[in-house]
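This report concerns only the one structure given below.
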Amino acid sequence: MPELPEVETLRRGLEHHFSRRRIVDVEIIGSRTVRRHASEEVPQLLVGSTVSKCGRHGKYLIVFLDSGIRMVIHLRMTGRLEIVTPPFLGDIKHLHARFRLDDDRELLFFDPRTFGEIFISTTKDADQLPDELASLGPDPLSEDFTLEHLAKVCKKRNAAIKSLLLDQNMIAGIGNIYGDEICYEAGVLPTKRASQLTDGELAKLYKATGQILLKAVERKGSTLSDKKYLDITGSEGQYQKHHRVYAKVGTPCTCCGNLILRVKISGRSSYYCPYCQK
DNA sequence: AGAACATCCTGCTAGC
DNA sequence: TGCTAGCAGGATGTTC
């Protein structure tokens with residue numbers, strides 16, 4: 001499921017294929033994807049506008065339009081964006097939105113589980129983050145994410161560090177895969193209480209967060225066999241080859257050889273090495 | 001107020 | 001072979 005590295009890979013694809021294009025037609029199929037709006041409202045707001053840039057905050061994609069409004073896209077677990085040249089002959093099952101561009105190509109939004117969402121923000125400050133996303137924590141690849149911020153939010157949380165890493169209002173962009181990989185890289189047990197972390201552990205977690213996410217962006221995200229993430233042109237990510245713990249229960253740790261274990265942390269499967277992580 | 005759980009949904013898999 | 005129960009998970013709303 002798309003987390004920060006996958007969404008950043010999509011953002012780069014959108015920036016390349018979607019920016020400077022004018023939207024000439026919008027078709028919304030079903031009402032669930034645009035649930036904050038009446039379906040017919042979305043084409044009215046978008047058609048005729050030109051995309052000025054494509055941004056991202058955490059797992060949210062933000063398409064800035066020259067009209068001053070922003071289209072926000074969240075893929076949740078199974079949302080997928082694809083740029084195609086019509087006629088599109090692929091499977092249109094689970095197709096929920098179709099944006100036709102002035103170069104005759106189309107941006108398609110698919111989502112089998114329909115958790116994904118598209119909404120339009122018309123709040124002012126057109127260059128800024130939409131008001132709807134104001135409660136999100138800093139994006140870990142931005143300069144707003146500092147060791148001081150991490151230490152501050154950890155100090156007042158008694159829950160497991162893994163839960164805090166997944167809390168989008170604390171840090172925006174980390175999901176279940178990268179949360180486990182970050183804890184492993186930092187040598188910290190995912191079950192460790194956030195408030196109990198030492199300064200040394202906080203520093204390691206902070207460093208690991210940047211390192212793991214940057215490496216994963218370089219490898220264009222993770223594509224797992226059962227959870228089909230694909231980029232905007234239909235290519236797979238490569239970072240799954242570098243996973244050390246995620247979904248590896250029962251296999252030996254690449255560092256010490258002990259078997260990777262699984263534990264549930266607030267309902268989510270978490271994977272860790274009982275020897276390398278303390 | 002903070003933490004944990006239920007909910008939305010479909011596709012896949014394990015087990016009979 | 002075919003059925004079903006169970007699981008997966010991001011964000012939100014609800015409950016304790």
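Annotation: salt bridge (charged side-chain N to carboxylate O under 4.0 Å, His left out) contacts involving residues 33-54 of chain A, sequence neighbours excluded, comprise A/R36-A/E117. Residue pairs meeting the side-chain hydrogen bond (donor to acceptor under 3.5 Å, both in side chains) criterion with at least one member in residues 267-278 of chain A, sequence neighbours excluded: A/K162-A/S270. A side-chain hydrogen bond (donor to acceptor under 3.5 Å, both in side chains) check over residues 247-261 of chain A, counting only residues at least two apart or in different chains, returns the pairs A/R244-A/T254. Here side-chain hydrogen bond (donor to acceptor under 3.5 Å, both in side chains) pairs that include residues 75-89 of chain A, with residues two or more places apart or in two chains, are A/T78-A/D111, A/R80-A/E82.
Atom CZ of A/F115 and atom P of C/dA8 are 14 Å apart (whole Å). In this entry the distance linking CZ of A/R32 with C1' of B/dT7 reads 10 Å, nearest Å. Atom C1' of nucleotide B/dC9 and atom CG of A/L75 are separated by 16 Å, given to the nearest angstrom. Summarising the geometry, the separation between NZ on A/K264 and P on C/dC7 is reported as 7 Å, rounded to the nearest angstrom. Taking atom CE of residue A/M77 and atom C1' of nucleotide B/dC9, one finds them 8 Å apart after rounding to whole Å. With rounding to whole Å, A/Y271 atom OH is found 6 Å from C/dA8 atom P.
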Are any protein N/O atoms closer than 3.5 Å to N/O atoms in nucleotides 11-16 of chain C? If there are, list each pair with its distance.
unit_1 : atom_1 : unit_2 : atom_2 : d
C/dA11 : OP1    : A/H74  : NE2    : 2.7
C/dA11 : OP2    : A/K59  : NZ     : 3.2
C/dA11 : OP2    : A/Q168 : NE2    : 3.3
C/dA11 : N6     : A/R268 : NH2    : 3.3

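If you check residues 89-99 of chain A against DNA chain C, you find no residue with a heavy atom closer than 4.0 Å.
Taking only side-chain atoms of A/P112, from C-beta outward, the nucleotide of B/dG11, C/dG10, C/dA8 with the closest atom is B/dG11. Relative to the side chain of A/R262, the nucleotides C/dG10, B/dA4, C/dA8 differ in distance, and C/dA8 lies closest.
Residues that satisfy the side chain to side chain donor-acceptor pair (under 3.5 Å) test with A/D102, not counting sequence neighbours, are A/R21. Evaluation of the side chain to side chain donor-acceptor pair (under 3.5 Å) rule for A/N169 yields A/S135 as partners, not counting sequence neighbours. Applying the side chain to side chain donor-acceptor pair (under 3.5 Å) rule to A/R193 yields no partners; only residues at least two apart in sequence or on another chain are considered. Not counting sequence neighbours, the partners of A/D139 by the salt bridge (Lys or Arg N to Asp or Glu O under 4.0 Å) test are A/R56. In this structure, the side chain to side chain donor-acceptor pair (under 3.5 Å) partners of A/S121, at least two apart in sequence or on a different chain, are A/T123, A/E132.
Using a 4.0 Å heavy-atom criterion, one finds that A/S269 contacts the sugar-phosphate atoms exclusively.
Between the side chain of A/Q168 and the backbone N or O of A/L166, at least one donor-acceptor pair lies under 3.5 Å.
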For DNA chain C, what string of dots and brackets results from 5' to 3' when Watson-Crick and G-U pairs need both distances under 3.5 Å, crossing pairs get [ ], and pairs with another strand get |? .|||||||||||||||

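For the atom pair CG of A/L147 and NZ of A/K207, the computed distance is 12.0 Å after rounding to the nearest 0.5 Å.
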